[in-house]
Amino acid sequence: MRPPTPPPRPRTPVPSPARTAALTAGLAVVLLVLVATGWGPLMSLDVTVADELHRSALAEPGFTHVNRVFSDWVWDPWTMRLLIAVVVVLLLWRRAVLLALWVAAASALGTALQQGLKSALDRERPHWQNPVDAAQYAAFPSGHAMTAMVTCGVLLWLLGRYGVGPRTWWAALLVCAVSVLGVGFTRIYLGVHWLTDVVAGWLLGISVVALTAASYERFTAEESGVRT
């Protein structure tokens, strides 16, 4: 007699894109308020992290140069936007017009949101007697961190929709993780952003990607319902 088959283990619930968008946006708003009001413990953390990394950047010019190359060329926002533009063209070539529009809109929304918040908060960047790099405009949120998160998140979402194989998926996930974490580190290491600028960029980027996925799924579901 065979032993009874054990019941299937319940799957860990995965947050819906809409909930993810709301959660990350809420956390970003809390962080924005704390930065805008100059909450002492958070400001002290920003200064401590910035000071430690700046000392390292001055002491390691070779490593600092590598960080500048990656920050200014590989993970630059314009490089990320160019990558999105290539993806949009490929989607149009495949006649996935609606998906191409959604991807373009996600990139545009991310850019508009970061620029609007920079202008509204107008946070000063770190100032150094011996800077190792320079950047213009306001600090909060980090445009590099947010653009990388939006771009990588959208690309992973597309790969998931097209059902790529596990090797391709994990390779893409690894590249995206290194890019998102790497660009955040370089911006703080080069002394042009505070830690909270980068974290805010990541949170807002996740929110934009989740909102993109949620709105696309809802729109296509409604369109399918209308057609049937």
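Just so it is clear, the structure is predicted and the values come from calculations on it, not from any experiment.
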Participant: Okay, side chain of S207, backbone of L203: is any donor-acceptor separation there less than 3.5 Å?
Facilitator: no

Participant: Between D46 and T196 (side chain of the first, backbone of the second, donor and acceptor by atom type, cut-off under 3.5 Å), is there such a pair?
Facilitator: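 Yes, D46 side chain to T196 backbone: donor-acceptor pair under 3.5 Å.
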
Participant: Specify the closest pair of heavy atoms between G143 and H193, including all atoms of both residues, with the distance to one decimal.
Facilitator: N-NE2, 4.4 Å

Participant: Does any non-hydrogen side-chain atom of L113 lie less than 4.5 Å from one of L117?
Facilitator: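 Result yes, sub-4.5 Å side-chain heavy-atom pair found.
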
Participant: So, the side chain of S44 versus the backbone of P41: is there a donor-acceptor pair under 3.5 Å, distance only?
Facilitator: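 The answer is no, because no donor-acceptor pair under 3.5 Å joins these two groups.
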
Participant: Report yes or no: do V209 and W169 belong to one cluster of Ile/Leu/Val/Met/Phe/Trp/Tyr joined by side chain heavy-atom distances under 4.5 Å?
Facilitator: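 No.
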
Participant: Does S119 use its side chain to pair, donor to acceptor, with the backbone of Q115 at less than 3.5 Å?
Facilitator: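 Such a contact is absent between S119 side chain and Q115 backbone.
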
Participant: Given the rule that I, L, V, M, F, W and Y join up when any side-chain heavy atoms are under 4.5 Å apart, are W170 and V178 in one cluster?
Facilitator: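 Not linked; separate clusters.
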
Participant: Taking only Lys NZ, Arg NE, NH1 and NH2, and the carboxylate oxygens of Asp or Glu, determine whether R123 and D197 approach each other closer than 4.0 Å.
Facilitator: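 Here R123 pairs with D197 in a salt bridge, since their nearest N and O are under 4.0 Å apart.
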
Participant: For F70, give me all partners under ring pair (Phe, Tyr, Trp, His ring centres under 6.0 Å), at least two apart in sequence or on another chain.
Facilitator: W75

Participant: When you compare the side chain of F185 with that of L53, does any pair of heavy atoms fall below 4.5 Å?
Facilitator: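 A side-chain contact exists here, since the closest heavy-atom pair is under 4.5 Å.
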
Participant: Ring-plane angle category for F219 and W102, please: parallel below 30°, perpendicular beyond 60°, tilted otherwise.
Facilitator: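 Aromatic pair F219/W102 classed tilted.
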
Participant: Under a 3.5 Å distance rule, please check whether W194 uses its side chain to pair with a backbone N or O of F140 as donor and acceptor.
Facilitator: no

Participant: Identify the two heavy atoms, one from N130 and one from L58, that lie closest to each other, and give their separation to 0.1 Å.
Facilitator: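 Heavy atoms of N130 and L58 come nearest at O-CD2, 3.5 Å.
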
Participant: For W128, enumerate each residue passing the ring pair (Phe, Tyr, Trp, His ring centres under 6.0 Å) test, keeping only those at least two apart in sequence or located in another chain.
Facilitator: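 With neighbours one apart ignored, the set is H54.
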
Participant: Between R125 and V192, is there a donor-acceptor pair closer than 3.5 Å when you use the side chain of the first and the backbone of the second?
Facilitator: yes

Participant: Give a yes or no answer on whether the side chain of T220 reaches the backbone of E217 with a donor-acceptor pair at less than 3.5 Å.
Facilitator: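 Confirmed, T220 side chain pairs with E217 backbone.
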
Participant: In terms of hydrophobic clustering (I, L, V, M, F, W, Y; side-chain heavy atoms under 4.5 Å; direct or indirect links), are V89 and I84 co-clustered?
Facilitator: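 Hydrophobic grouping puts V89 apart from I84.
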
Participant: Could you give the distance from CH2 (W202) to OG1 (T24), rounded to the nearest 0.5 Å?
Facilitator: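 Output value for this atom pair is 14.5 Å.
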
Participant: Does T79 reach the main-chain N or O of W73 with its side chain, forming a donor-acceptor pair under 3.5 Å?
Facilitator: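 Yes, T79 side chain to W73 backbone: donor-acceptor pair under 3.5 Å.
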
Participant: In Å, rounded to the nearest 0.5 Å, how long is the span from CD1 of I206 to CG of L211?
Facilitator: 13.5 Å

Participant: What distance separates L195 CG from L42 CG, expressed to the nearest 0.5 Å?
Facilitator: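 Spacing of CG (L195) from CG (L42) equals 8.0 Å.
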
Participant: Can you confirm whether more than 12 heavy atoms, excluding those of R161, are under 6.0 Å from its CZ atom?
Facilitator: yes

Participant: Donor-acceptor check, side chain of S56 to backbone of E52, threshold 3.5 angstrom: yes or no?
Facilitator: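 No: the side chain of S56 does not pair with the backbone of E52.
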
Participant: Please list all pairs passing the salt bridge (Lys or Arg N to Asp or Glu O under 4.0 Å) test where one or both residues lie in residues 130-157, with sequence neighbours left out.
Facilitator: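 Listed once each, the pairs are R68-D133.
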
